[in-house]
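As C-alpha cells, the structure follows; a few thoughts come after it.
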Number of protein chains: 6
Amino acid sequence: MSTSLVPTNSLITATPDEGRQLAIKMARLVIKATQPDEAIRQKLREIYENDAALLIQISQVVASEFATIAAANNYWSTPE
Amino acid sequence: MSTSLVPTNSLITATPDEGRQLAIKMARLVIKATQPDEAIRQKLREIYENDAALLIQISQVVASEFATIAAANNYWSTPE
Amino acid sequence: MSTSLVPTNSLITATPDEGRQLAIKMARLVIKATQPDEAIRQKLREIYENDAALLIQISQVVASEFATIAAANNYWSTPE
Amino acid sequence: MSTSLVPTNSLITATPDEGRQLAIKMARLVIKATQPDEAIRQKLREIYENDAALLIQISQVVASEFATIAAANNYWSTPE
Amino acid sequence: MSTSLVPTNSLITATPDEGRQLAIKMARLVIKATQPDEAIRQKLREIYENDAALLIQISQVVASEFATIAAANNYWSTPE
Amino acid sequence: MSTSLVPTNSLITATPDEGRQLAIKMARLVIKATQPDEAIRQKLREIYENDAALLIQISQVVASEFATIAAANNYWSTPE
C-alpha cells in the first residue's frame, strides 16, 4: 500500500472549503488503494457519475470524512 | 475542482434553520463536484425526487452534515 | 427553500421524548424540501410504510438526527 | 404522534445492558410511530427476521441509538 | 428479552483488540435478540459469509459499535 | 476468534496516513474474522473491486474506522 492516503499527511486545512476538498480526496484515495487499476476505476466512475443512488452514497462518505476533518480543525472555530 | 464546496467558506450560521439549509447545500455541492454536468444532474433529480429510498438516503446525508455544522455552532447553545 | 427546516428554529426540547419528535420532524422536513409536492410524498409514504427495509432506514435517519439533538440538550443531563 | 418515543422519557439506564435494551426499544418505537398498524408491522417483522441484510441494518440502527445512550450515561464510567 | 446484550455488562476492555471482540459480540447479540432461532440464524450466516455486500455492512456495524467502546475506554489513552 | 483484530493492539499511529492504513486493516480484519476462508475472501474481493457501489461502501467503513482512530490520536493535534 504505497499510495499516500492523506495528501499532505495532515488533517489541518486553512478553511472549511479546503476541508471539503480534503474529504473528497481522502475518500477517493481509499478507493484507489482498494482498486489500483486506473482503467477499471475510470469505468466505474462512468457508472457512479450517472447513478443517483451512488452519487448520494458518495456524498454520505464525504460527510463522514468531513466530520473528522472539521473536528481536527476545531471547526475552524469562533463560537464558544 | 473550482466549485466552492462551502458557500461562505464557514460552518457558522445564525440559527439551526440556516444550519439545515447549509447542510442541504453542502451535500448538493459534493454531488455537483462529482457530476458537474447540469443536464445529467437534472435527470437524476427527477429520479430521486420520486423514489422513497433515495429521498430517505438524502435525509441521512443531511443529518450527517448537520451534525458537524451543529457542533461547529456549539448547537446554537444554552443548556449546560 | 421557504419551508422552515427546524420547527421552532431551536434544537432545545424539554425532554428526550420531545427530542425524538423533533428528530422525526426534522427528517421529514428535509424530504419535504427535496420533494415539495404533497401528492407525490403521499404516494411515497404508502410505499415506505409497507416496506421493512425503508422503515429501518427511516429509523436510522431518526437515530442520526437524535444524536445531534441529544448532544444539544446535553443529553437532558444527570450523570457526571 | 401520541406514542411515547422514549419509554421512561430518559436516556439514563443503570447498566450498559439496559442501555442496549433501551436502544432496541427506541428504534422500534420510531417504526411504530411511522407504521402504527400492528398487523402490518407483524407482517414486516416476519420479513426482516428472515433476511440477513435487514437484520444487519437493524443492528446498525441499534449501534447508532446506543452511541447516544452511552454518551448520555457517560459510558457508565470508570477510565480517565 | 432475556439474552444478555453486553457480555460482562460493561464497555470497558483491557485492550483495543478486546474492544473489537466486544464490538463484534454486541452486534451479534442484537441480531440474536431480533432472531432468536439458532437454526434460522445459521442459515442466514451462510448467506452473509458469502456475500461481499453483507460482509462490508457487517464491518460497518462493527465500526460503529467500536466507536462507542473506544470512547468508553478513553481510546485506551496516551496522546494529549 | 484468534485473529488479532487490531495489528499492534493500539489505535495510536505516528501520522494521519498511518491512521488511514490502520483503518483499512481494521476493517479487513473484521471481514476476515467473519469469513476466515481465504479462498472465499479472494473470490469476494474480485467482486467488490469491480463494483462501484461496494467500493463506495468500503470507503464508508474506512471513514468510520478512521474517525475513531483520529479521535484516539487527538487528530494528530495542533489547532486549539
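Protein chains get the first letters and strands the later ones, always in sequence-line order, with residue 1 at the start of each. FYI, side chains are in, hydrogens and waters are out, and symmetry mates aren't considered; it's all heavy atoms of this structure. Everything quoted here is computed from the prediction, not taken from an experiment.
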Donor-acceptor contacts, no H, no angles, side chain residues 51-59 of chain F, under 3.5 Å, sequence neighbours left out:
residue	atom	partner	partner atom	Å
F:Asp51	OD1	F:Ala53	N	2.9
F:Asp51	OD1	F:Leu54	N	3.0
F:Ser59	OG	F:Ile56	O	2.6

Considering all heavy atoms, the nearest F:Ile12-F:Ala72 contact: CD1-O, 3.6 Å
Backbone N/O of A:Met26 and side chain of F:Arg20: donor-acceptor pair under 3.5 Å: yes
Interface residues of residues 60-71 of chain F facing chain A - non-hydrogen atoms under 4.5 Å apart: F:Gln60, F:Val62, F:Ala63, F:Phe66, F:Ala67, F:Ala70
Residue pair F:Asp17 / A:Ser4, side-chain donor-acceptor N/O under 3.5 Å: yes
Partners meeting side-chain hydrogen bond (donor to acceptor under 3.5 Å, both in side chains) with F:Thr34 (sequence neighbours left out): none
Residues forming a side-chain hydrogen bond (donor to acceptor under 3.5 Å, both in side chains) with F:Gln42, sequence neighbours excluded: F:Arg45, F:Glu46
